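Working notes for the structure below.
In what follows, residues are counted from 1 in the order of the sequence shown. This one's a predicted model, so the numbers in the text were calculated from it and none came from an experiment. In listed order, ligands and their atoms are each counted from 1.
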Amino acid sequence: MGAALIRMEAGSPPADVSVEVPGDKSVTHRAILLGLLARGTTHILRPLRSEDTGRSLAVAQAFGAQVQESTAVLSIQSGGIGALTEPANVVDCGNSGTTMRLALGIAALVPGLTVLSGDASLRRRPMARVTAPLGELGVEAWTRDCGSAPVAVRGGRVRGGRVVLPVASAQVKSALLLAGLGADGPVTVEEPARTRDHTERMLAAQGIVVECDARVATVHPGLPRPVTWTVPADPSSAAFWWAWAALTGGRIVTDGILLNPARTGFLRLLRRMGAEVEESVQAETVEPVGRVRVTGPARLAGTSVDASEVPTLVDELPLAVVLMSRASGRSKVSGAAELRVKESDRIKAMGDALRALGAAVRDCPDGWVVDGQDGLSGGRVDACGDHRIAMALAVAASAARGPVILAGADTAGISYPAFFEAFAAAGAVRITEAS
Ligand code: S3P
């Protein structure tokens with residue numbers, strides 16, 4: 001969607017619509033960056049091609065890998081850890097937190113100075129949560145005084161050890177595990193809550209010894225071997241389609257979805273809210289992958305999400321609050337203060353937007369309290385430069401009584417470039433340019 005300002009009017013509910021969902025963002029980032037760390041050629045089938053994953057490709061090139069792209073396959077050719085070279089310039093991570101945090105871990109393996117920066121949103125996000133534990137492993141790493149990017153690492157020597165993280169973050173955990181590949185002993189990372197474990201699974205598939213036990217992961221030093229990855233479809237992108245069905249009483253079918261339980265909290269939430277969710281695993285190699293069919297109820301029921309559940313649906317919470325605004329009774333999200341330091345302050349962005357559409361949403365420091373009502377009105381809303389907010393608001397528009405004017409639809413390119421065209425083509429919303 002090229003236009004930054006669009007007008008959306010509700011279409012009709014999906015009648016057993018089958019949707020093809022793009023590749024998983026977290027897995028694509030890792031496939032690229034693990035390809036950089038392997039010696040030889042890595043092939044990536046069905047990668048997500050988006051602005052964010054393009055940033056990880058640029059990082060791979062900045063550390064010396066060759067990248068080849070054809071329509072079907074993305075190939076990364078690298079000399080692996082030990083052959084990586086100091087970037088010749090500041091590396092621009094754009095809007096991508098995953099790129100920057102994982103690249104900090106990689107920079108710890110590279111002799112010389114690596115400096116990473118990004119756009120205004122990324123330069124507001126907390127990076128000391130990576131540089132501080134890297135410091136505990138003997139790596140010299142710096143942020144600005146405010147704890148944000150630009151960030152710098154002088155790499156080449158990593159000590160093994162155990163790090164206890166104060167925040168549950170798969171990005172931070174992954175950065176430390178990657179640094180551990182070149183450490184002088186095993187690196188153990190303990191988190192306050194279990195987060196997505198794609199890095200652990202993928203490293204194990206590359207022949208690295210990784211031990212996982214609930215909230216603790218240990219990586220043993222080693223050189224990952226190159227493999228051919230097939231990227232499953234992204235449950236965080238599929239969630240917009242599932243939410244459309246749940247909100248409007250329609251039915252959606254999606255295939256080839258990444259069904260890692262650390263990523264499917266939104267499906268459990270949909271069930272609690274009264275949707276019928278059928279999940280069937282079609283294959284399981286590195287990750288379980290399968291079909292998901294969601295059928296919306298006549299009326300959604302309110303529910304609550306707390307800190308223990310947050311990591312399993314952290315990126316879907318903007319969508320959850322859209323559903324809650326239309327559900328019966330009071331709903332609550334708590335323990336989700338992390339949302340304030342995502343691509344935007346997602347608690348404020350969704351609170352402001354839903355209130356503009358007539359919803360009864362109260363922002364809290366760590367979530368929302370929502371009194372569900374029968375319908376949403378039209379209104380003017382802003383994506384706040386955040387891809388997931390833009391797409392969550394398209395879902396809100398699919399069930400709104402009046403037109404929703406959205407500023408910032410173009411940000412969908414960060415994770416799902418074809419979303420607005422596909423959503424309109426499926427009949428969820430009618431889209432025209434607005435002024
Ligand atoms: C991601 C982890 C999550 C998530 C982000 C992708 C990853 O961030 O919000 O979109 O790929 O590891 P945190 O784990 O830092 O919360």
Please determine if Lys332 and Asp366 form a salt bridge, counting it only when a charged side-chain N lies under 4.0 Å from a carboxylate O.
no
Please evaluate residues Phe240 and Phe423 with respect to the criterion ring-ring contact (aromatic ring centres under 6.0 Å, His included), reporting the C-alpha separation (whole Å), side-chain torsions for both, the decisive distance (0.1 Å), and the verdict.
CA-CA 9 Å; Phe240 301 107; Phe423 207 48; 8.2 Å; no
At a 4.0 angstrom heavy-atom cut-off, ligand 1 is contacted by Ser26, Arg30, Thr98, Ser169, Ala170, Gln171, Arg196, Val314, Asp315, Lys342
Looking only at heavy atoms, which two atoms of Ala243 and Leu323 are closest? And how far apart?
O-CD2, 3.8 Å
Kindly compute the distance separating CG (Leu48) from OG (Ser237), expressed to the nearest 0.5 Å.
7.0 Å
Output yes when Arg159 and Glu136 qualify as a salt bridge under the 4.0 Å nitrogen-oxygen rule, no when they do not.
no
Could you tell me whether Arg272 and Glu309 have a side-chain N and a carboxylate O separated by less than 4.0 Å?
yes
